[in-house]
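Notes for the one structure printed next.
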Amino acid sequence: MELWPGAGTLLLLLLLLLLLLLPTLWFCSPSAKYFFKMAFYNGWILFLAVLAIPVCAVRGRNVENMKILRLMLLHIKYLYGIRVEVRGAHHFPPSQPYVVVSNHQSSLDLLGMMEVLPGRCVPIAKRELLWAGSAGLACWLAGVIFIDRKRTGDAISVMSEVAQTLLTQDVRVWVFPEGTRNHNGSMLPFKRGAFHLAVQAQVPIVPIVMSSYQDFYCKKERRFTSGRCQVRVLPPVPTEGLTPDDVPALADRVRHSMLTVFREISTDGRGGGDYLKKPGGVGEARL
């Protein structure tokens, strides 16, 4: 007589237990809800990339494939109850190459980017993304430019090639000049690669500011709810006549204007809310 259940029965019991446990964690643990949401966010993007790859592969590696990725990703904000409000889109130059610079808070930046992404615009991303499974392949097919930040010589070489591509193929590039995600509700010092690129190609810089996510998302607190984010496109900054010697002042000037707008739109009830009034927030000028 068999007293112990078989492997199949044990597996079924564990599955039922998991199905009972997940709703309990979802409603009782904000941290568990945070991890579930982030896991689904990343998993859903990887799944959408699998769907996009065969469609993009028809055209091969091409900047126009970014339109396909954008269409596939636009709905994600609705799944999470995030309202994205865009202002200043008329500031995009209508028919010339330019360099977009934007603040970088988390992987959720993808939602704001897809909402406002102009035509023939691709991000410059760290090379590690290329190996991120289906997402890396989809990005490669969409013309995303990968840079190995650990090899300064390679990065400079790639930037020189990008400058030529901007002018010869009418491409725009999107750069996060902070260089890494910044969760502290401010802006890190800007790296100067994007500004050297714009000066080398003599094309405008278009600053884009996304308001703080702190009223609905905080990695440190394991909090992820619904909320609103404002994306502000600022007037283009010309670079005609500037030289590499002008880059440090240019980068500082653009960062200052972006930080000013970040503070404004993150405290007007549409962005960071009361977080920016807390110690350590942007209101404390922790730069």
Side-chain angles (χ1 to χ4, degrees), residues 63-64 66 86-105 109-110 112-127 129 139 142-149 151-182 187-210 231-262 287:
V63 174
E64 293 296 328
M66 186 56 69
V86 178
R87 295 186 181 181
H90 61 280
H91 289 308
F92 283 121
S95 58
Q96 72 175 105
Y98 47 84
V99 175
V100 173
V101 293
S102 173
N103 58 318
H104 194 16
Q105 301 178 73
D109 293 340
L110 185 65
M113 178 191 290
M114 293 299 106
E115 195 73 19
V116 75
L117 189 73
R120 296 190 63 77
C121 181
V122 294
I124 292 181
K126 58 183 181 181
R127 191 168 183 82
L129 178 61
C139 287
V144 172
I145 300 164
F146 298 99
I147 290 183
D148 188 346
R149 294 182 299 186
R151 297 186 175 183
T152 304
D154 289 350
I156 293 173
S157 176
V158 170
M159 283 296 193
S160 298
E161 294 177 9
V162 172
Q164 293 299 317
T165 302
L166 284 173
L167 300 175
T168 60
Q169 300 183 27
D170 187 29
V171 171
R172 294 93 181 174
V173 296
W174 186 301
V175 184
F176 294 105
E178 291 170 276
T180 187
R181 298 170 188 173
N182 177 24
M187 287 187 194
L188 298 173
F190 282 2
K191 298 182 184 300
R192 296 170 181 170
F195 304 93
H196 277 291
L197 171 62
V199 168
Q200 182 177 346
Q202 293 287 281
V203 298
I205 295 169
V206 179
I208 292 182
V209 183
M210 301 184 197
V231 180
R232 182 79 64 86
V233 183
L234 307 188
V237 179
T239 63
E240 291 89 345
L242 298 185
T243 68
D245 292 337
D246 299 310
V247 165
L250 174 65
D252 289 343
R253 178 158 52 95
V254 171
R255 181 182 181 275
H256 177 75
S257 66
M258 291 175 63
L259 185 56
T260 299
V261 172
F262 178 83
L287 304 182

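Annotation: the span from Leu188 atom CG to Arg255 atom CZ amounts to 8.0 Å, rounded to 0.5 Å. One finds the OG atom of Ser257 at 5.5 Å from the CG atom of Leu234 (value rounded to the nearest 0.5 Å). To the nearest 0.5 Å, atom NE2 of residue His91 and atom OH of residue Tyr98 are 12.5 Å apart. Asn103 CG to Met187 CE: the interatomic distance, rounded to the nearest 0.5 Å, is 4.0 Å. Atom CG of Leu117 and atom CZ of Phe92 lie 8.0 Å apart (nearest 0.5 Å). Atom CD in Glu115 sits 13.0 Å away from atom CE in Met113 (nearest 0.5 Å).
For Val247, the side chain to side chain contact (heavy atoms under 4.5 Å, CB included) criterion is met by Arg192, Phe195, His196, Val199, not counting sequence neighbours. Applying the salt bridge (charged side-chain N to carboxylate O under 4.0 Å, His left out) rule to Glu178 yields no partners; only residues at least two apart in sequence or on another chain are considered. By the salt bridge (charged side-chain N to carboxylate O under 4.0 Å, His left out) test, Arg253 pairs with no residue at all, sequence neighbours left out. Checked against side chain to side chain contact (heavy atoms under 4.5 Å, CB included), Ser95 has no partners two or more places apart in sequence or in another chain. Every residue meeting the side chain to side chain contact (heavy atoms under 4.5 Å, CB included) condition with Pro97, not counting sequence neighbours, appears here in chain and number order: Leu166, Asp170, Val203. Contacts of Gln164 classified as side chain to side chain contact (heavy atoms under 4.5 Å, CB included), with partners at least two apart in sequence or in another chain: none.
Summarising the geometry of Lys126 relative to Phe146, their closest heavy-atom pair is O-CD2, 3.7 Å, with the distance given to 0.1 Å. For the residue pair Pro93 and Val206, the shortest heavy atom distance occurs at CD-CG2, 3.7 Å. Considering every non-hydrogen atom in both Val144 and Pro123, the closest pair reads CG1-O, 3.4 Å. Contact between Val99 and Ala194 at its shortest, heavy atoms only, is CG1-O, 4.1 Å. The shortest heavy-atom contact between Arg120 and Glu64 is NH1-OE2, 2.9 Å. Of all non-hydrogen atoms in Gln96 and Pro204, the two that sit nearest each other are NE2-CD, 3.2 Å.
Residues Val173 and Ile145 form a side-chain contact, since some pair of their non-hydrogen atoms from C-beta on lies under 4.5 Å apart. Using a 4.5 Å heavy-atom threshold, the side chains of Val233 and Arg87 count as separate. With a 4.5 Å cut-off on side-chain heavy atoms, Leu129 and Cys139 count as touching. Lys191 has its side chain out of reach of Pro177: every pair of non-hydrogen atoms, C-beta onward, lies at least 4.5 Å apart. The side-chain heavy atoms of Val100 and Phe176, taken from C-beta on, include no pair separated by under 4.5 Å.
Between the Arg232 side chain and the Ile208 main chain, no donor and acceptor come within less than 3.5 Å of each other. Judged purely by atom type and a 3.5 angstrom limit, Gln169 has no side-chain atom pairing as donor or acceptor with the backbone of Val63.
Applying the side chain to side chain donor-acceptor pair (under 3.5 Å) rule to pairs touching residues 235-246 yields Thr243-Asp246, sequence neighbours excluded.
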Where do Trp174 and Val116 land on the side chain to side chain contact (heavy atoms under 4.5 Å, CB included) test, with the steps shown first? CA-CA 11 Å; Trp174 186 301; Val116 75; 3.6 Å; yes
